[in-house]
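Data block below; observations after.
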Amino acid sequence: MLDFKNRFNIMETLQEVKTSVYKFGNKIADGNSTMKNLLGGKGANLAEMSAIGIPVPPGFTITTEVCTEYNLLGKEVVIDMIKEEVEAAIENIENIMGTIYGDNDNPLLISVRSGARVSMPGMMDTVLNLGLNDEVVVGIANKTKNERFAWDSYRRFIQMYGGVVLGMKPESKEDIDPFEEIMEALKHKRNIELDTEFTVQDLKDLVYDFKDAVKKRTGHDFPTDPWDQLWGAVMAVFNSWNGDRAIYYRNMNGYPSDWGTAVNVQAMVYGNMGENSGTGVCFTRDAGTGENVFNGEYLIDAQGEDVVAGVRTPQQITKLGSKRWAELAKIEEVDRAENYPSLEELMPSIYSELNEYQDKLEKHYRDMQDMEFTIQEGKLWILQTRNGKRTGAAMVKIAIDALKEGLISEKEALLHIEPNKLDELLHPIFDPEALKAVHVIAQGLPASPGAATGQIVFFADEANKYKNTILTRIETSPEDLEGMNLSNGILTARGGMTSHAAVVARGMGKCCISGAGALKIDYKNRTLNVDGKEYHEGDWISLNGSTGNIIEGKVATIEPELSGEFAKIMDLSDKYATMKVRTNADTPKDAKVARNFGAQGIGLTRTEHMFFEVDRIKAMREMILADTVKGRERALAQLLPMQRTDFEGIFEAMQGLPVTIRLLDPPLHEFVPHQLATQKELAEEMHISLEAVKIKIAELQEFNPMLGHRGCRLGNTYPEITEMQTRAIIEAALNLKDKGIEAKPEIMVPLIGTLSEFVEQENIIRATANKVFKERNDTIKYLVGTMIEIPRAALTADLIAQRAEFFSFGTNDLTQMAFGYSRDDAGKFLPIYIEKGILSVDPFEVLDQEGVGQLVKMGTEKGRSIKPNLKVGICGEHGGEPSSVEFCYNTGMNYVSCSPFRVPIARIASAQAAIKEVI
Ligand code: ADP
Ligand code: MG
Ligand code: MG
C-alpha cells in the first residue's frame, strides 16, 4: 500500500509532467493514430480523422494512464487531478458547437465512450446524451422545435446512465432489463410494437417512471447536475475495464490487465431527429468474404446502437447490397425500392459523401475499415473508424487484393495476415447456414479447429463401429491413437490444450474439443450426461473445433477452398522468410500433407507412434516384457522390418529434404496392456504365466514416469533398441538410394542431460551405421544430434556441442522441467493461474520467453560458441505459435518444426519476423 505522502508525491509528479486530456475537432487534434496505447484505438482514430478533415463531432480523450491512476488512487484524487483540463476541453467543444454544457436555453449534450488500445467490441461501456435534466430537456425541445426528439433522447439517457453508472441491471439471469420492462408494459398498454410509435406524452411518462425506478432501487434521486453526470460516467467507463465481460475477453486474448481504457467525451450528434436523420455502420470491404464492395446498414430516425441491437430491421447502404439482400429475403424489386430503399437511393448526396470518406479512410489506413456514422438533419458525421475484424478467408483476400490494387506493399500484405487465422482455411467447416439453427449441448476448449459430425463411441477400438464417429472419452492415451485417427472428431471431458488428445488431434489436423468439464461420461453404461440430459452410444453429435461448441445431432459441412489468394500469400512469405519451417510427422501421410503445405523437412518423427498399430504393439510388448537381451533382440527383430518400411515411406514423401528421427522416448509402461483380457492374451502368446506378465507390468510402474525410465535412458540401458532403430533408418535410406531417391536422415537422441549420455548413444548409432554400410557396401550422409529439453542440457550446451551435430529444442519438456509443472497434471491449476492472472498465458502454448526462452537462447549461444554453424531448431508445440516463432527467429534458429496443419501459420510468422526485424 502507498502511504499518504507517497500518493501525494505521485499526484504531484503526474500533474506536472503529463497531459491527461487530448482534444480533437474542427480539423485539428492534439493526438493522432499512432497514439493508441495512450488514447485507446477509438480516441487515436477520432483525433486522426479530425486532423485529415473527416467531420467528427468535437471532443476530447482522457488517457489510459488516468485509468491506471484511478485504479491506484481512486475517484476523488483523479477528479482533482484532471478537472481543470477537462473543463478547458469542454469549453473547447462549446466554442466549436456554439452551445453550453448545462445551459438551459442553449445546451450542449455529450457522449462518454470507452476505448481501449485494442478494440474489445461490446466489452465496455458507453453513455450517450449526457447533460439532460428536466430543465435542459425543455431547452432542447424549444431550440430544435422537436419535442419528441428531446424526450426520446432524455429517456434513452436515463436508461443508459441508469444501466451503466447506477447499476440498474437485471437482478437475476431470468429477469429482463428493468427499463425494458417498463417500456414493454407501456407498449402493451398502448397496444403498439415499436419504440418509434411512442407519443411525446408516452416518452414523458417513461422518463418519470424510469426516474422513479432508479429512486426505488438505488435509494437516490437520478443525478440532475450535468457535471455530476459527467464524472459519474467517466468513472463508470474506467470501472468497465475491470468488469466481468472485459476481464473475460482480456484473458481470452491474452491482453494484460494493466492497459486500462481511455475515455472519449464527444459532442452529441443526433440520428433521432426525424426522417432526415439516421445512423449506421459500414465496412469498406466485405468482412466475411473479403470482396471489395462497400457495404453496411443504416436506420432512419435512430440513435447509437439501434442498428446493432436489432430494434428494427436495418436497411442496406448500397443499392447493390440492397438488391442482394432482397434476393435472399425473397423480396420483390418493387417492394424493395419502395419500402427498403438503400441509402444510395434514399439520400444520394449523403451517400456519395459517405462513399468518399470510406474511400479516403481505407486509403489513409491502408486497410479495410469498419466505420460508424450518424446523419443529423441532412448532415453526415463520422463517429468511429477502425481496422475491421474479418474471417480468415477475408483476411487473405483483402491482403492480396490490396497488394494488387497498389494500396499496400508486399511486406504490408504479409503483416496484415494474422497467422493463427489461417487455420480456419485449412479444415472442413460447418455450413454457416446450418449453424444458425443448432442446439449447443456444452462447450469445451477449441483444441483443434475444424468441424466434425458423427455418432458417439466411447472406446478407441470401437471407432469404426459406425461410418462416422466422434470418439468421446474422459481423456485419451497413446493407446487410443488408431481410434482417434479413425474417428471424425475427438471429444474429451478432461485435459487442456496440450493434453494428449489435443496435441495428437492437431497433428492429425483432426477436429478436437478437450476439457469439456460439463460432460459426465459413464463408460460402463455407455452414456454421456450433460445437465441432466442423457446421450447414448450411437447418438449423433457435432463438434465445432473452432469455437469449442458441442452440438446435438448432425450439421452439414462444406470443404474449405484453398483459393488462389491463399497460395499467393504463401508464395509471398517464402520470398521474405529466412528461417525454415519443418513439420512434426510420424507417418508418410502426415509427411505428404505437410509437404503440400510447404514444409521444408521434418523436424520431429516420433518413432513410438509407429508401435501402436495392432500387430506392432504385440512385438513391442514382447520386447518390453522380455527378461533377457536375447528375448528383447528377438522381439526387436520383428519390429525392424516394420520400422524400416515406415521410414522408407517418410523419406520418400520428403525426398531431398532433411528428416529428423527421434529414437524411442516414452516410458515403457505406456505400451503394456492394463486390461486383464489383453494381459492373458499376451501371456499365452509369449508362453509365460499371467502372473509373470502381471509382475513385469507392476515393475514398470513409476512414481514420476515423466522423469523416469524414458528418453535416452532407454537406449542407454537397452542399447539393442537404439541398434535396431538406427539399422532401420540407415537401411531405409540405402534402399531409397538404390531407387534413386535421396534421403537425409538426422538421428536425434532424446532427453539427454549430460554429454556422456549423448556420447554413449552416439557411439552405438555410428557403430551400427558403419556395420550396415559395410554389409551393403554403400554409404549415405546422416547426422547425429540431440534434443535439448532438460535444463541441464541447455546449461552445458557448449560441452554437448562438441559432439552433437544439431540441436532441437524440445520446448514441451523444457517448459515442463523449467517450471516444474507436470504437463499431465497442470490442468488442475493452470486454468486457475490464468484466471487469476498469476500467469498471463499457458506456457505450454506460448513459449515463456522470459524464463524458458533464456534456456533456449543460452543453449543456442553456447552451442554455437563451439560450432558456429550448429544447426538449431525447435520441435515443441511452440514451433507453430506465431509469437514463439518470432522468438525463434530472433534467437537465430535455422528452423521451427510444427504439426502439419500449422505449417502455413509458421511460414507466415517466419516471414513476418524477418520483415519486422528490418523495420
Ligand atoms: P462501442 O465501442 O461499444 O461501439 P461506442 O462508444 O462506439 O461504443 O458508442 C456506442 C454507439 O453510440 C455507437 O453507435 C456510436 O456511434 C454512438 N455514439 C457515440 N457517441 C456519439 C455521439 N457523440 N453522437 C452520436 N452517437 C454517438
Ligand atoms: Mg463503436
Ligand atoms: Mg521430450
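Both counts, for ligands and for their atoms, begin at 1 and track the order of listing. Just so it is clear, the structure is predicted and the values come from calculations on it, not from any experiment.
At under 3.5 Å, not a single nitrogen or oxygen of T374, backbone or side chain, sits near a nitrogen or oxygen of ligand 1. Below 3.5 Å of separation, one finds an N or O of T126 facing an N or O of ligand 1. Considering both main-chain and side-chain atoms, A267 comes within under 3.5 Å of ligand 1 through a nitrogen or oxygen pair.
Residue pairs satisfying the side chain to side chain donor-acceptor pair (under 3.5 Å) criterion with at least one member in residues 273-282, sequence neighbours excluded, are listed as follows: T279-T374.
The ligand atoms of ligand 1 that sit less than 4.0 angstrom from a heavy atom of V269 are 24 (N), 25 (C). Of all atoms in ligand 1, listed by their number and element, those nearer than 4.0 Å to a heavy atom of K42 are 1 (P), 2 (O), 5 (P), 6 (O), 7 (O), 8 (O).
Side chains of F210 and M183 form a contact here, defined as non-hydrogen atoms less than 4.5 Å apart.
With W325 as the aromatic partner, K323 does not meet the cation-pi criteria of under 6.0 angstrom to the ring centre and within 45 degrees of the ring axis.
When R386, M160, R113 are ranked by how near their heavy atoms come to atom 19 (C) of ligand 1, first place goes to R113. Evaluated by nearest non-hydrogen atom to atom 27 (C) of ligand 1, the leading choice among L128, D370, V112, L46 is L128.
Residues forming a salt bridge (Lys or Arg N to Asp or Glu O under 4.0 Å) with K143 (at least two apart in sequence, or on another chain): none. The side-chain contact (heavy atoms from CB on, under 4.5 Å) check on E297 picks up V307, P314, Q316, with sequence neighbours excluded.
The count of protein N, O or S atoms under 2.8 Å from the Mg ion (ligand 2) stands at 2, with waters excluded from the count.
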